[in-house]
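Here's the structure we're looking at; comments come further down.
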Amino acid sequence: MAISEVHCDRSCFRAAEHATRLALLTLLLVAACGDDTAPTQDDAPLLIDGGTVVVMDESGLILEGAAVVVEGDRISSIIAAGGPRPANARVIDATGHLVIPGLVNTHGHAAMSLLRGLADDLPLMTWLNDYIFPAEAALVAPDFVYWGTLLSSVEMLKSGTTTFADMYYFRDDMARATIDAGIRAVTGPHVIGFPTPDFATPEASLADAAEFMERYQDHPTVVPAVAAHALYTTPLEAVEAAFRLAERYDAPFQIHAVEDPSEDVTAREQTGMGVVEALESIGALRPGTVLAHSIYLSDEDIQRIAAGGAGIAHNPQSNMKLGVARAAPVAAALAAGIPVGLGTDGPASNNDLDMFDEMDAAAKVQKFILGDPAALPAETVFRLATMGGARVLNLHDEIGSLEPGKRADIVLVDVRRPGLTPLYSVYSHLVYAARGSDVATVIVNGRVVVQDGEILTVDEEEVMERARGFGERVREVMEEVAAGREGG
Ligand SMILES: [Zn+2]
C-alpha cells in the first residue's frame, strides 16, 4: 500500500474543514495499483464506488463520490472522488447511495421474533410473568432458537444492522444461526435465577460456558459474550460469577439494569444496594459491560457508571411501548462521558428490529421529554447507532466507522427514493426520513450478504415457512397457558 497522488477538488469534502490533517492522510491512503501480481477474481478488492461516504470518524467526515476499498475482511482505504482506483477490483456502483458504517444494535433477544405480537399493551412484569416466561418454558428449544434467531438476523441485515448483541438461551444454536445468516453477533452464555429451557440453574449454565468462550475466541463474526438477565431475576452471586467469566475472557458482559423502578427496590431488599451500586460492588461497571435500558438512574448512578466505564444500551421504542413515562437520561449520560448505543430490545418488545426506526425514536423521545428540540441532534443519534454502539460493546477498534483497518461492515442506503429526495443533510435523512427498507446492499466482514435488498446467505422463504410452523405451535401453547391462568 502506498500513498498516491489524490485528486480532490473543493466539492469532495463537505466536512473537510473539520478533519485533521492526520485524519485526511489516513483516509486518503490509496491501495497500490498496477501491481504485477494481479489478484484473482475471488480475492480481488471490493470497490464500493461513487457514493456519499459517511465515515463516522472523530471529525464527522463525509466524502462525495468517494470509493471504499475492501480487501479481505477489512477496509483498506478510502479514495476521494477522482482518485485512482485499484485495477481488477470487483465494483459495487454506489451512485445515488449513502455509504454508511453498518448499524450496531446493542440490545435484543433475537429468537423472540417467533413470539412477536403474542402479547402487547401490558405492564412489563405482567407481560413477562403471565405470557413470555410461560411461553418460553413450553416452547424454547434448540430449533426454536435457531430459526427465531435466523429470522431476526435476516430482518436485521436487510434493514442495515451488521452487528447485534443478544441475550437468550441455547447459545450454540443462536451462534450457528448468526453464522449462517452472515451477521456479526455478540452473544454467548446467559444466566437467570430460575430454571430455563437449557439449564436448571445459573451454575449449570456457567459450568460449560468457558467452552463456548474458548470456541469462539477468534471467530470472524461471533464475539463471545456473557449475559446475566437482571438483578431482579438473578441472585447477585450468580451475576458476579457470570461477570467473572466475561472478565476472564475480556468479553462483553450484558445485563438489564433499571428498566423498571421496582428493580432498585428488589435489589435493596436482597443486597442492601441499588442495582447500579450492586454492580459496582462486584466490579462489573467496567468497559464492555452493557447496561440495557438504564432508565431509572440517579445522579450517583451516572457517576458510578462513568467512573467504571460501562456503557448503556438505550432502547427508546421498547421503553415507550411499556408506558415508561420518562426516558433514559441519554443526554446526561453522554455529558458524563458514558458510551451510549441504541438497541431495539427483543422483537416481542418493540415490535421490529429496524435501527432506522430506533434512531428516529431516540432523537424524538429526548426532545419530547426534555421539551428541547435541540436535544440529541441527528448527527449525535447516528453516532450512537454506529460508533456509540461499537464503544458500548468494546468493539470500537474493529467496527462502527468506515476507517482503513477496520472490519468491512458497510451499508448502502438508496436515497433515490421519493421519501429521501431532495437531500440537504445526510444525518437528517438517515435519522428522520430513511427506513430499513431503503437499505440496498449490506457487507459484513467483507462479504456481500444483502444485494439490491435481497438476502444472499439463506433462503428467506424457507426461514419464513419455518417461522409460520413455529407460530402454529405457539398458538396452541398460549391457549394452554391461558386456560391454566384462568383455572389457577
Ligand atoms: Zn431486553
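Just so you know, ligand 1 is whichever comes first in the structure, and atom 1 is the first atom listed for that ligand.
Expressed to the nearest 0.5 Å, how far OG1 of T178 lies from CG of D166 amounts to 9.0 Å.
Neighbouring protein atoms of the Zn ion (ligand 1) (N, O or S, distance under 2.8 Å, waters ignored): H107 NE2, H109 NE2, H256 NE2, D345 OD1.
Using a cutoff of 4.0 Å between basic side-chain nitrogens and carboxylate oxygens, E240 and R244 are scored as salt-bridged.
For an aromatic pair to be called close, the ring centres must be under 6.0 Å apart, and H190 with H109 fails this.
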Output side-chain donor-acceptor pairs under 3.5 Å for residues 368-377, partner residues at least two apart or in another chain, one line each.
unit_1: D372; atom_1: OD1; unit_2: A374; atom_2: N; d: 2.9

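Ring orientation note: the planes of H107 and H293 are nearly perpendicular, at an angle over 60° on the 30°/60° scale.
S318 and S349 share no donor-acceptor pair across their side chains, judged by distance under 3.5 Å alone.
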